[in-house]
Amino acid sequence: MGSSPLDAWITNDDEITALLAADWDRQTTTVQLIASENFASPSVLAAAGSILTNKYAEGYPGRRYYGGNYVVDEVEDLARRRLTALFGADHANVQPHCGANANVAVYEALLDAGDTILAMRLDQGGHLTHGSPASITSKFWKFVSYGVTPRSDDPAAPGEIIDFDNVRELALEHRPKLIVAGATAYSRQIDAAPFREIADEVGALLMFDAAHVAGLIAGGSHPSPVPYADVVTFTTHKTLRGPRGGAIICREEHAKKIDSAVFPGQQGGPLEHVIAAKAVAFKEASQPSFSTYTEQIVANAKAFARALASEGFRLVSGGTDNHMVLLDLRDFDGELTGKVAQEVLDRAGITTNRNTIPDDPRSPFITSGLRVGSAAETTAGMREGEFEQIAALMSRALRKRDDELALVEVRNDVAALCAKFNPYANFTK
Ligand code: DSN
């Protein structure tokens with residue numbers, strides 16, 4: 001297996017060391033298909049685990065509320081410079097602790113309480129912070145939700161794609177101050193240009209939530225929303241393959257308000273160790289090899305989608321353009337819920353997450369859908385052939401879900417596959 005990261009992470013706390021070992025085992029002997037996860041590089045892990053965690057740095061480079069910041073000022077400036085260069089943006093804020101914080105900071109910066117936001121509804125593919133009643137966002141701002149076109153049985157036009165007529169009608173009717181493009185469970189490319197046109201027609205600002213596709217944009221596999229959007233938010237740990245966290249890029253005219261909304265508006269001391277790790281990830285994403293990686297993510301997801309369809313799963317929107325495939329489980333087995341599928345696949349060593357599908361008759365806790373993604377195992381080196389094998393393993397496990405021995409056999413086959421693709425096989429710190 002090569003040297004293990006565990007050598008570098010042995011702590012003087014036996015319980016935590018044992019739990020790190022347990023998750024090392026889980027991450028390297030089971031297949032990681034959660035579309036929002038990835039394997040960060042050893043350099044990203046090293047920076048995130050560094051001594052910069054010791055430093056308080058409320059404020060921004062050159063304007064801190066604590067002394068002794070000359071090093072972290074350089075770290076944060078480097079991260080901001082690398083990020084603006086990566087996306088061709090005017091301004092970057094690298095402090096958001098997660099994507100949700102980044103989104104709320106944008107609303108706080110650009111809007112007054114009670115203003116109207118037009119965004120994608122959760123069950124149609126949107127994120128909780130796009131106005132779900134379960135999110136604090138719905139208490140401070142008035143959300144109007146757009147969705148996707150109806151499902152169709154025509155394979156040439158399967159539907160379930162963003163309904164721009166609906167977006168425009170709602171924008172004209174409700175005159176939102178902000179339109180949010182971007183999704184969390186949507187497998188098609190999202191083009192920012194038509195959103196910009198609609199925003200201009202009604203005098204709205206445009207935010208693009210690129211949480212899932214930031215890496216694909218950085219690698220050039222998806223078009224950049226930066227020329228069209230006032231603000232772009234994203235997480236750094238999904239397809240971008242950095243540490244867990246968020247970031248915001250924006251036009252210069254919004255920079256001051258965005259910075260004030262992140263700190264002191266929402267957060268306290270920035271995580272400078274994580275910001276250092278973000279800087280490492282932005283450098284990695286600017287390399288030509290990262291474009292090769294993102295092209296492979298998409299090629300793998302497409303092969304995975306085709307193989308899953310041939311196993312009898314219905315693909316929401318008929319396929320994928322990105323790293324993600326959203327499965328409607330009802331055609332595969334009318335009794336099978338997303339919750340049960342996720343639990344069965346966990347027992348078989350295949351890590352996924354249940355997800356609502358458009359107009360899902362089941363609750364978000366149960367769901368009729370399952371979301372899978374290719375970003376993590378592409379990092380580990382898997383290619384189209386391995387994703388085809390995983391589709392067959394998923395189908396086997398779900399068809400034999402009441403047969404514990406069959407699930408053990410699938411788990412063994414999964415472990416044999418993973419043994420050939422250990423992402424940290426040559427880990428050195
Ligand atoms: N939890 C993220 C995802 O899995 O897509 C979104 O917040």
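Order of listing sets the numbers, starting from 1, for every ligand and every atom in it. Computed from a predicted structure; not experimentally measured. For the single chain, residues carry numbers from 1 onward in sequence order.
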- Message: Could you check whether Asp165 pairs with Arg168 (Lys NZ or Arg NE/NH1/NH2 to Asp/Glu carboxylate O, under 4.0 Å)?
- Response: no
- Task: Flag the pair Asp112 and Lys177 as a salt bridge only when some basic side-chain nitrogen lies within less than 4.0 angstrom of an acidic carboxylate oxygen.
- Result: yes
- Look at atom CD of Glu335 and say whether more than 12 heavy atoms of other residues, nucleotides or ligands are closer to it than 6.0 Å. no
- Task: Mark yes when over 12 heavy atoms from residues, nucleotides or ligands other than Lys302 sit less than 6.0 Å from its NZ; otherwise mark no.
- Result: yes
Tabulation required: pairs of a nitrogen or oxygen in ligand 1 and a protein nitrogen or oxygen under 3.5 Å; columns are atom names and distance to 0.1 Å; otherwise 'none'.
from	atom 1	to	atom 2	distance (Å)
ligand 1	4 (O)	Ser36	OG	2.6
ligand 1	4 (O)	Arg371	NH2	2.7
ligand 1	5 (O)	Thr184	OG1	2.9
ligand 1	5 (O)	His212	NE2	2.6
ligand 1	5 (O)	Arg371	NH1	2.9
ligand 1	5 (O)	Arg371	NH2	3.4
ligand 1	7 (O)	His127	NE2	2.7

- Task: Specify the closest pair of heavy atoms between Gly242 and Val44, including all atoms of both residues, with the distance to one decimal.
- Result: C-CG1, 3.8 Å
- Sole residue of Thr184, Val231, Thr233 in side chain to side chain contact (heavy atoms under 4.5 Å, CB included) with Asp209: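 Running side chain to side chain contact (heavy atoms under 4.5 Å, CB included) over Thr184, Val231, Thr233 with Asp209 returns exactly one hit, Thr233.
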